[in-house]
Amino acid sequence: MLTVNKLRADSVFDFAAEELKKYFRMMMPDAGDVAICYDPRAKEGFRLGLLEDFGLESHAEDPLLDDEVYIKADKEGGILAGSNPRSVLFAVYRFFKENGCRWLYPGIDGEYIPLKDILPVSYRKMAAHRFRGHCNEGAESQTAMLETIDFYAKQELNVYMLEFEIPLFYYNAYYKHKFNEKNRIPEPVEPEQVLQWKVWCETEIAKRGLQYHAMGHGWTGDPFGLQTRDRRYWKRGGKAPEHALQYVAEIGGERKLNQNDPLLTNVCMSSPTVRKMMVDYIANYAEKNRHVTYLHVWLADLSHNHCECENCRKMTPSDWYVMIMNELDDELNRRKIDTRIVFACYVDTLFAPQKMRIQNPQRCSLLYAPITRSYSSSVNKDTVFPEPKPFILNGWEVPKTTEESLSYLLEWQKVFPGCCFSYEYHFWRHQFLDPGTMTIARRIYEDIRGLKHVHLDGYVEDGSQRSFFPNGFAIYVYAEALLDGEKSFEEIREDYFSHIYGKSWEKVLSYLERMSAAFDFNYMEGERSTIPERGNFYDPKRVKLLSHIPELCAEGRALAKEISSNSSRPQTVSGQLLGYHSTFCELLGEIVTAKAKGEDEIALSLAEEFQVKMGKNEIFIDRYYDHALASRVVTLIAKKPKKIIFE
């Protein structure tokens, strides 16, 4: 009988030991049981411990945040160690990956566990980036939330963020079956249920020792009695209490809620009363939720709506924002709370402060959130950055390109010496603009390679927890590139595709690359219209290229049948997904073709058909495909939106 010895009494070690036992037995069912023991002095069997427990030097700058994995083991036992408990769990997963296991999708259908003897593994790796994770977004089910927490840990992603105190909006986008009411009966959930589910997610995050990032937007509403948990109240015409309006931003000489939504409304930050109310509310949350690793303190989720009163005009929004961060730091120090704080370089606060400076860079980290950037380019060592445009209160020009957006970050870094990381949107609406997924996957890889050139230490992705359609390659690239800065895109791609599509992988790769080329990601980003006045997608010459999509979809359906007959469970599921994906591409192709011709009314009608036709498939694939978010993107394409939608 094999033995797993935990050198420390720790709940993450407990889970790591159980995972080691489970997958060891799955790989070698005839090898007998595996005993799990606590023995700090163990010299035999599989030993789980921190690097220091084995006399190994750690290269982690901050052992609580930086992940270093060490493995020296064979099928009889050995060392599985890390710089922190989470890294010990990662060592377990890496041990099995080195032995041929793969986790290709969330859930049991994504597990590729070969039946074979364990081979010796010698491995040591410091993760290339400190922050590697995801934040909830889109239409989320509790099943998807729990499965992705598990799946992301298996990809050695170390951050999981839950936005909002109660993320009711995201949950109800799924459970009310938004955009699919004709096929599925709405089953809305209440705040109390979502709160319970969120706490459940928190326990699963803690079980794996992941960095837990919390909150984000909401601080400009809740401290003033303007609840943000249930946006339905405001959308139905709910009214703000009169006493609360004195605290909100003055715009055009009036203090009122922007679009009648506290999440979209900023406050009068020059008011000491407003700042104290915010700071006290945030500090109370931090005191009550000491399990939070990083508490994100963001402003309103909309641009060009900062207070125009006489006092607020004396400094930029970023200056007032930094003042709040410093006052929050003082209050947390007074209460002896060591929670780390994240403040955001986002919309109006893209502009660096002119006067104020962060007083405690050890507590505070800067989050760069370029929501308006185009995803048609990445940066490299030769990139030339333009001069940032000047700040004009509620009148500044929105940056569009990657280079423009980053020029504002570079100005922030001149005045803030602390840790900076990025909040990105590859898995938000942009993933649906590349139906073949190959262009967005390469963009993710190249964006990660470019992080070192702008001194960013990783990503938290704002994206759907169901970004696995037709496969999870983009997520796989994301995780592997953040972990190992040396692996090539082609190496990661072959590894993933060969496991998920078996002997047909090269044919599927060719098919998806041609699908990406047919849609053309730069065109889908709205950048290649021949007459912009007629919309972002007007280009009659493109119709010939788009006309090949039905033919490609027929090829995809044939491949789907071929792959679905494989014995591997992940390959069977992947074949089925490829079939549904062909329908998705065909329907989207019709909409985009109409837009290219300038037939906007036809495009709108086809977008409605898309919701119904793809909606019929949703129940079969909703662990992998976010129909509500996809429908929202398709509708935005068809509607020819006049401005960027931030919410």
Side-chain angles (χ1 to χ4, degrees), residues 4 6-24 26 36 38 46 48-51 60 62-71 80-97 101-108 110-111 113 125-127 129-136 140 142-163 197-214 289-294 340 458-461 465 472 475-476 478-480 482-483:
V4 175
K6 299 174 291 183
L7 273 62
R8 291 182 179 239
D10 181 279
S11 60
V12 180
F13 278 60
D14 294 342
F15 183 68
E18 293 292 343
E19 292 286 89
L20 181 61
K21 174 178 179 176
K22 177 175 70 175
Y23 289 110
F24 193 96
M26 288 176 70
I36 297 177
Y38 166 67
F46 288 95
L48 304 181
L50 298 183
L51 293 168
D62 186 334
L64 293 177
L65 302 177
D66 299 322
D67 296 310
E68 185 175 9
V69 165
Y70 176 92
I71 305 170
L80 300 173
S83 52
N84 51 56
R86 169 183 67 248
S87 300
V88 176
L89 176 63
F90 291 167
V92 169
Y93 294 139
R94 180 56 57 175
F95 176 67
F96 287 110
K97 288 175 191 173
C101 296
R102 294 293 183 274
W103 290 274
L104 304 164
Y105 292 122
I108 58 173
E111 296 195 344
I113 312 297
K125 176 72 68 175
M126 168 73 78
H129 295 283
R130 172 175 288 179
F131 300 98
R132 312 181 308 279
H134 274 259
C135 178
N136 58 332
E140 60 193 38
Q142 184 66 352
T143 298
M145 294 296 290
L146 297 175
E147 288 188 342
T148 52
I149 291 168
D150 180 69
F151 177 75
Y152 293 155
K154 288 181 165 73
Q155 303 309 313
E156 297 172 67
L157 294 172
N158 67 346
V159 172
Y160 205 102
M161 179 172 176
L162 298 177
E163 192 179 0
W197 282 345
K198 180 190 176 187
V199 171
W200 185 359
C201 290
E202 289 179 347
T203 62
E204 295 299 320
I205 292 166
K207 182 191 294 185
R208 293 159 177 82
L210 305 181
Q211 289 184 31
Y212 176 38
H213 291 223
N289 296 274
R290 290 178 182 262
H291 57 288
V292 172
T293 315
Y294 278 91
R340 301 172 194 243
Y459 280 156
V460 173
E461 286 279 358
Q465 310 309 299
I475 294 283
Y476 199 77
Y478 173 69
E480 286 294 300
L482 283 172
L483 185 69

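Residue numbers count from 1 along this sequence.
- In this structure, Glu480 pairs ionically with Arg94, as a charged nitrogen and a carboxylate oxygen lie closer than 4.0 Å.
- In this structure, Tyr478 has its ring center closer than 6.0 angstrom to the ring center of His134.
- Using modelled atom types and a 3.5 Å distance limit, the side chains of Tyr212 and Glu202 yield a donor-acceptor pair.
- In this structure, Arg208 pairs ionically with Asp150, as a charged nitrogen and a carboxylate oxygen lie closer than 4.0 Å.
- No side-chain heavy atom of Arg130 sits under 4.5 Å from any side-chain heavy atom of Val159.
- Residues forming a side chain to side chain donor-acceptor pair (under 3.5 Å) with Tyr152 (at least two apart in sequence, or on another chain): none.
- Remark: Glu461 engages His426 in a side chain to side chain donor-acceptor pair (under 3.5 Å) (not counting sequence neighbours).
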> Do Ser87 and Asn84 pass the side chain to side chain donor-acceptor pair (under 3.5 Å) test, and can you show the C-alpha distance, the side-chain angles, and the key distance before you say yes or no?
Replying inline: CA-CA 5 Å; Ser87 300; Asn84 51 56; 2.9 Å; yes
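- Aromatic ring centres of Phe131 and Tyr294: separated by under 6.0 Å.
- A donor and an acceptor atom, one from each side chain of Gln155 and Tyr93, are nowhere located under 3.5 Å apart.
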>> Checking Trp103 against Phe96 for the ring-ring contact (aromatic ring centres under 6.0 Å, His included) test, could you report, in this order, the C-alpha distance in whole Å, the side-chain angles of both residues, the deciding distance, and whether it holds?
In response: CA-CA 10 Å; Trp103 290 274; Phe96 287 110; 7.1 Å; no
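- A salt bridge links Lys22 to Glu19: at least one charged side-chain nitrogen sits closer than 4.0 Å to a carboxylate oxygen.
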